[in-house]
Each structure stands twice: as C-alpha cells, then as structure tokens.
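Okay, so here's the structure we're looking at.
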Amino acid sequence: MRGRLRERLKGVIPPESLSLVPRSYDIIGSRGKAVAIIEIPEELRPYEAEIAEAIMELHRSVKSVLAKESGRAGDYRLRRLRLIAGDPDTEVIHKEAGCLFKLDPMKVYFSPREATERGRIASKVAEGERILVMFSGVGPYPIRIAKLRGDVDITAVELNPDAHNYCVENIHLNRVEDKVHPILGDVRDVCPRLEGGFDRIVMPLPLGAYRFLDLAIPLLGEGGILHFYHWAREPSLFEEAERLVSEAADRFDREAEIIDRIKVSQYSPRVWKVRVDARIL
Ligand SMILES: C[S@@+](CC[C@H](N)C(=O)[O-])C[C@H]1O[C@@H](n2cnc3c(N)ncnc32)[C@H](O)[C@@H]1O
C-alpha cells in the first residue's frame, strides 16, 4: 500500500504537494464493503476529494473515505472522523484471522493495526482458562481467544454502549456465545461484583489502564497472568509500567513477577505503546 497513493495522484494534484500525501492509511472492512481512514494535512485539504477518489480506485472494496479530524479522546477513545467521499453508512464487517468484527468506526474504537498483538495474546492462552478482558470494545481480544481455544470462559467489560452492542453481535457472528460473556458498564462498577480467581486479565487501555490496576490484581488467582498496556517514553520503556504493576501487587500483599515485556507499536518519535506481562503470586 505504501507509496501507491502518491503514484496514483501524480498529475492530479500539484507536484509540490505530492510529498505531503500520507504513505499509509487504515482500511477497515472486507471485500464487500470497507472504509478507509486517512490523515489529511491542512495543505492537502483542497485536494481531499481527489485523494479519496484515488483511494477508492486503488481499493475497490472501499465505499467511504473518512478524514481524521482529531486525536483519540474521552473515555470511549474515539476520534472525530469526517466523511470526505462515498457512502455515509460507515458500518462494516472487518475480517481478521478467521474472525468477523462488525463495527462503525464513527462510533467505536477499533484498530486493524493491532491484529498481530491480538494474535500474540490469544496464543498465550491455555485450554480451560477463565479470563477477564477489561475495556473490551467490539470484542476483538475475547473473540480471537475464543476462536483459537476450545475451552475458555471469557468475561468482557466495556463502557461504550455502541461498542458493547457490536460485541454482543460479534459474539453471535463468530458463534462463541458459550465462551464469551459481555457486560456493559464501567469496570469500576462491574469488577468489584465479579467472582475472583481469574487465570488471566487483559487490560488494553494504554492511556490510563494503570488507574484500574487495583481492580484487576485482587481478581487474579494465585499465579494468574496480567497483560498490562501502557504509554511509555524512551529511553526507559518498561520501567514505569513494571513499577506500577509491582506497586499495585504490593498494595494487596501480592508479588508481581514480570515474565514478558514488548514494544507493541510506536505512537510518536519517542513514545510507544508497551505491554508488560506479570505473574501475580
Ligand atoms: C483502546 S480501546 C480498546 C478496545 C478493544 N479492546 C480493542 O482492542 O479494540 C479502550 C476501550 O475501553 C473502553 N473503556 C474506557 N474506560 C472504561 C471503563 N472505565 N470501563 C469499561 N470500559 C472502558 C472504551 O470505551 C474503549 O472501547
């Protein structure tokens, strides 16, 4: 995909503007219907219709092109998106590793770029595990796990009603009703009511998951695994995340044994989304 859009726009927009055309953009959906999401620099605004047209020519499945109008914000982690061309109905069914995720990117968080990370988490799960996915969105983590493993019991908690409703639909679409149990609500209200002893808890809310560690730690059984996401600044990428997890464990007279740490994706030149995995003893 990289560079093809610029190539396509040669002779359509002024040559001096070509270098401003983004090298990449997201496509969410499937062969039948997809949406493209692109960041258009201010200088290219006069040509956004041509850019959208070129994207739709390059990818026949793309029926709507949305421009990013803001960074992600608020509890639901949404950004403002503006339709610049195509169908105003932006609900799609995204395919990922044999799973189907129905969603509207105007209403819910979803990133196709996180597919590899979801696969990494799913592959760590063993048969028979009882798992809590906090901040579960439209359900990509629980559904990827449930499709890979035969015998798992997953509770998925999400605050955004639109995301929760899509999660319920996606559970049916993927036929994992017996394995994934979605709950609409704030983890602050829901988690204290859950029965403890989870084998694994996933916390995919990099901006702020640390605020909820005190809800997660007591719900983990002895030796349970925590997947903790965090925004981290170079050069010491894991120090703060590890300290936050260890201090939270400490508050409950538990011990956190750090068993893995990875850079998940880069946010800006020196800021990364990282994941720290800990066994809570
Ligand atoms: C970064 S998104 C991740 C969504 C999903 N796990 C995914 O990977 O697509 C974080 C999600 O957490 C939800 N959220 C934020 N605060 C929450 C809270 N206090 N309780 C439950 N869900 C929350 C947001 O609505 C959002 O859907």
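Just so you know, ligand 1 is whichever comes first in the structure, and atom 1 is the first atom listed for that ligand. Just so it is clear, the model here is predicted, and its values are computed rather than measured. Count residues from 1 along the sequence.
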Residues joined to I259 in its hydrophobic cluster, side chain to side chain under 4.5 Å directly or through other members, sorted by chain and number, are I225
Could you pull out every N or O of ligand 1 that sits under 3.5 Å from a protein N or O, with the distance for each pair?
from     : atom 1 : to   : atom 2 : distance (Å)
ligand 1 : 6 (N)  : F135 : O      : 2.8
ligand 1 : 19 (N) : D186 : OD1    : 2.9
ligand 1 : 20 (N) : V187 : N      : 2.9
ligand 1 : 22 (N) : L159 : N      : 3.2
ligand 1 : 25 (O) : E158 : OE2    : 2.6
ligand 1 : 27 (O) : E158 : OE1    : 2.9
ligand 1 : 27 (O) : E158 : OE2    : 3.1

Do the side chain of R261 and the main chain of V276 share a donor and acceptor less than 3.5 angstrom apart?
no
Return the orientation label for the H59 and Y25 ring planes: parallel under 30°, perpendicular over 60°, tilted otherwise.
perpendicular
Side chain proximity check, E117 to R275, heavy atoms < 4.5 angstrom
yes
Distance-only donor-acceptor pairs under 3.5 Å for side chains of residues 208-217, two or more places apart:
from : atom 1 : to   : atom 2 : distance (Å)
D214 : OD1    : R251 : NE     : 3.2
D214 : OD1    : R251 : NH2    : 2.8
D214 : OD2    : R251 : NE     : 3.2

Pair up each side-chain donor or acceptor in residues 234-241 with any protein partner under 3.5 Å, not counting sequence neighbours, and list the distances.
from : atom 1 : to   : atom 2 : distance (Å)
E234 : OE2    : W272 : NE1    : 2.8
E240 : OE1    : H230 : NE2    : 2.9

